[in-house]
Amino acid sequence: DSGVTQTPKHLITATGQRVTLRCSPRSGDLSVYWYQQSLDQGLQFLIQYYNGEERAKGNILERFSAQQFPDLHSELNLSSLELGDSALYFCASSVGESGGAFFGQGTRLTVV
Amino acid sequence: QQQVKQSPQSLIVQKGGISIINCAYENTAFDYFPWYQQFPGKGPALLIAIRPDVSEKKEGRFTISFNKSAKQFSLHIMDSQPGDSATYFCAARGGMDTGRRALTFGSGTRLQVQP
């Protein structure tokens with residue numbers, strides 16, 4: 001158990017809908033990262049927050065957004081969902097911005 | 001500049017053998033190189049990591065070899081066991097002054113250790 005908690009574990013929704021994925025980082029970790037994992041794209045970095053502030057953006061679509069709250073948990077919002085958004089979404093956390101990042105178990109999103 | 005290239009895509013090794021997975025990078029600003037192990041349905045788990053001022057790091061049966069001049073690093077799994085069968089990802093993290101502290105991942109290697 002990495003100490004990073006993601007909910008829900010599975011999510012099935014229809015095209016055009018909006019969903020919110022939640023991540024609770026390890027205790028004391030200030031950095032949160034979101035990654036998307038699909039079969040043909042590997043692990044793609046979406047966005048990073050550090051202590052409530054957006055730190056870096058990767059290949060995140062305009063339809064996606066995220067935030068980190070004062071208690072350091074983070075949410076990833078996916079809207080106007082398309083079939084191609086079906087993937088595993090992982091959250092990872094680290095104490096600062098160096099060293100290892102620890103991943104949660106992921107949320108499997110299926111868009112039908 | 002941010003890409004990390006990983007090979008092979010898949011690997012079959014006999015129990016007790018040595019598994020070797022290779023990665024190469026272009027961006028010299030990377031300063032931290034971890035390897036992750038992922039089992040089906042699970043999140044990637046940090047296995048072992050190295051910084052570029054060290055040429056080798058060993059933890060149990062897992063060893064990272066790092067060649068800074070060639071911009072390559074590899075994972076060696078000694079005495080491979082069926083329980084090691086998983087997908088392995090190399091990754092690299094940018095330095096503090098790059099603004100790129102997120103990990104950039106290789107494409108993954110599916111390892112199968114045959115009993």
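Note on naming: letters A, B, ... go to the chains in the order of the sequence lines (proteins, then strands), and numbering restarts at 1 for each one.
Contacts between residues 40-57 of chain B and chain A, defined by a heavy-atom separation under 4.5 Å, are made by B:Gly41, B:Lys42, B:Gly43, B:Pro44, B:Leu46, B:Arg51.
The aromatic ring centroids of B:Phe73 and B:Phe33 lie less than 6.0 Å from each other. The aromatic ring centroids of A:Phe90 and A:Tyr33 lie 6.0 Å or more from each other.
Side-chain contact annotation: A:Glu53 with A:Asn51, donor-acceptor N/O pair under 3.5 Å absent. At a cut-off of 3.5 Å, with distance as the only test, no side-chain donor of A:Asp29 or A:Ser94 sits close to an acceptor on the other residue.
Checked for salt-bridge contact, A:Glu82 and A:Arg63 meet the test: a charged N lies under 4.0 Å from a carboxylate O.
Looking at B:Ser80, its side chain never comes within 3.5 Å of a backbone N or O of B:Lys15 through a donor-acceptor pair.
With a threshold of 4.5 angstrom between heavy atoms, A:Tyr50 does not approach chain B through any atom at all.
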